[in-house]
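Position 1 is the first residue of the sequence, and the numbers go up from there. Only this structure's heavy atoms are used, side chains among them; waters, hydrogens and symmetry mates stay out.
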Amino acid sequence: MPLDRRSFIAGSSATAAGLALSANAPLPARRGSLADVEHVVILMQENRSFDHYFGTMRGVRGFGDPRPVELPDGRPVWAQRQLAKDGGETIWPFHLDTRSTAANCIDSLDHSWKGSQERWKNWDAWMPAKGPFSMGYLTRADLPYYYALADAFTICDAYHASIFGPTGPNRLFLFSGTSGLGAGHEGIYNVDNAGCDDNPGADMAKDDPAFAGLPWTPYAARLSAAGISWRVYQEYDNYSDNPLGYFPQFRNLDRLSQSYARARAWVPGSTPQNADSSGARYLIDAFAADVAADRLPQVSWIVAPFHMCEHPDAPPAYGEVLTAGLVAALAANPEVWRKTVLILNYDENDGFFDHMMPPIPATVPGLGASTVGLGGESYKGVPVGLGPRVPLVIVSPWTRGGWVDSELFDHSSVLRFLETRFGVAEPNITPWRRAVCGNLVSAFDFDVSEAERRDTRWLADLPAVSGYIAESDERCRLPAPTIGTSASVPAQEAGSRPARGLPYDLDVACRWSPDGMLSLRFVNRGQTGAVFMAHGAAEDGSARYYTVGAGAVLEDRWPIAPGQPYRLAVTGPDGFYRELAGIGPEIRIECQASYDRAHRAVVIALTNSGSDSCAAVLRPTRAAAGEARQVILSTGRSEHAFPLGEGHRWYDLVITAPGHDGFRRRLAGRLDGHLPDVSEPMIDA
C-alpha cells in the first residue's frame, strides 16, 4: 500500500523516538545482528536501468528529482537530443505501455563500453549512442510484482553497474570484485564480452583448450578455501551469465566432482531440449527443494536462463515469475526464511537512460582530484569508475517495510556484504571502490525479534504471477511500441517512503581570494568516502570529480575574471547539492548549512567577505518551513535559522541578492543523515 508522509510519521514515531534518544540515555538492547544471516542468495538479472524500471516509484530519486543535472546548453538532463541526421529532435522519457503494445519484448539497445569519457562527460550522448528507445520507461502497471516487492522490502536508489559497459565485465565484478584491472590484468574482458567461451556455464565440453582462463581468483574459490559453502543454480542456456567457467579453477572439471556440481552443473531436469519451454521450472524446483530441506549453502548465485533473465527481448514479466518463485520458496519454510537474504540486482542498463551521472575516479589530468588511491580504475587512459544506475531490491526479514536506501553501491558491494558477514576478503576490489561504495549493511535493521523473522504473512500482499507468462506472450503479439512525443518529465507517484540512515556528513565551503580566485573546499566528516561532482567546473561546462575519503578535505580553485559570469553545481550522495552562480566576484557571500537539533532547524551561516554591506533574500522550498526573508549582510558572519518541515530532516534553500541578478546560492540535502528518516519531500513536489 502506498505510504504518504502523514502515515509514515504516525507509523514510525515510536521507532524515530527510540533512534533519537539523547547520548546520555541508555539504548535498548538489540535483538539481533549480522551474524543472524546464514544464507545469502544473489539473483542478478539483465540489462535494465533504474529510471527505466523504477523512475516513477514513490519516494525514490526518480523522475521527480528536484535537482536534476542541467546540460551545458541549459536543457534539463531529461531532454536528450537525437542526431542531426534524425532531425535533431529532443526526446523526453516516454512510457513503454506493455498493455497496449509489444513493449514487453522490445529489442536490446547498444550496451557496449562507453569508449571515452569525453563522449559522456556531459551525460548528453544517449540519443547518438543508444537511440530514442533509450528513453522508454515502465510503471507500476507494467511491473506490478516488482513494485509490490519493493514496497514490502527495501529498494536501493543509488546502486550502479560497476562499469559503463556490457554484461561480461559487470558480472565479473559480481563474481570476482574486478573485470581484471583491480587484479593488475589488462586484457580480454576488462570492458567487453570478447575473448572467452560463448556459454561457459552450460556444457563443460565447450571449454576451449586454447583459452587457459582468466588469471585472477574468483570469490567462489576464496569461499571454498575458507570452508564457506556455496553453489550456482542454473539451467541450460544461461546466456554466458555464469562467469565461473572463465577461471582455471572451474574449467575442464570431472563431471562427478563437487566442484563441477557447485559451479557448472545444470539443475536436475534441465536439458537443451527443454531450454525454451521450462519457464525456469527446474531452477525454481531445485532451489525450493533445498529450501524445504534446509540445505541451502551459505552463498547461492542464481543464474537465469535467457528467456527469464529480462535481457531485452526477454520480457520483464518472465523475470517477475522467476523472482516470485524464489521468494515463495523461501517463504514456504519460515525456518529458512528467518536466516536468509535475497539480493535482486541487474548487471547493467542495456542502453536504457538513467538521469543520475555515475561517480568516476579522476584518473586523468583536469578531471578532478582524489584523496584516495585510484589504482585499477583506468583502462587505456579512460577512467572506469561506475556505470549507470540499475535496480537493487533486498528481500529479507531485516529489510521489510518499504524502505529506500540511498547509499552509493555497485556490484562489489555485494561481495563486501559477503566479506562482512563471512570474513572472506576480496583483494581485487580497488581502494577507490572500497572508499566510496558501501557494503549494503546500511539497508538492514537487525533489531528484529524471532517472531518477526519467522513472519511470512507479507507473501499474501504480493501479486499472484500465475498468469504473467501467458499474458506477456499475448501482449508481445500486439503492435510494436512507438517513440513517445512527450515534452515534459513523467509524473512520479506521490508520497514518501521511510529512508535508511547513511554514513554521510558532507559540506562544501566556498570563498574568494583577493586575486579573484573562487575556492571550493570539499569536506567529508562522514564515515565513508564520497564523490563530489562539480558540474560546469570545466571550461566546456562538463563535470569534475572529487573523491574525498572519510574525515578528509580536498580543495580546488577556479579563476573568475571581474565581470565574468560563473555557475557551478556540486552534487554528492543522498541528495547533497550546492549551487553557486553570479558575476564574479561582484559580491563575496559564503554560505554553509548546519543543524540546530534542539530547535529542529537548518541554520544557514552567511559570511560577507567583501568591504560593503549587501542585501540577501533567503527563500526556503517545501523542504523547510517559514517565509522568505530579506537580510542586510554587514561584513562578517551571520546565522539564519529555518525550521524544518514536519517529520523529516531535509532542507533546500535558495539565496539571491537584490540588485545582483546573476547571484544565486542553493543549499540542499539531509541533516543528521546517519539516522532513519523519510525520503526527500521535494521529490513529489
Is a side-chain N or O of Asp36 found less than 3.5 angstrom from the main chain of Ser33, in a donor-acceptor match?
-> yes
Donor on one side chain, acceptor on other, Asn428 and Tyr219, under 3.5 Å | no
Are side-chain heavy atoms of [X] and [Y] found at a separation under 4.5 Å?
X	Y	value
Arg453	Trp398	yes
Arg171	Glu46	yes
Ser396	Thr154	no
Val414	Ile42	yes

For the pair [X] and [Y], name the ring-plane relationship: parallel under 30°, tilted 30 to 60°, perpendicular over 60°.
X	Y	answer
Phe250	Trp230	perpendicular
Tyr53	Tyr146	tilted
His411	Tyr159	tilted
Phe54	Phe50	tilted

Would you sort out whether Trp216 and Thr178 count as a side-chain hydrogen bond (donor to acceptor under 3.5 Å, both in side chains), showing the intermediate values?
-> CA-CA 9 Å; Trp216 65 91; Thr178 184; 5.7 Å; no
Check whether NZ of the Lys or CZ of the Arg Arg421 lies under 6.0 Å from the centre of the six-membered ring of Phe417 and within 45 degrees of that ring's axis.
-> no
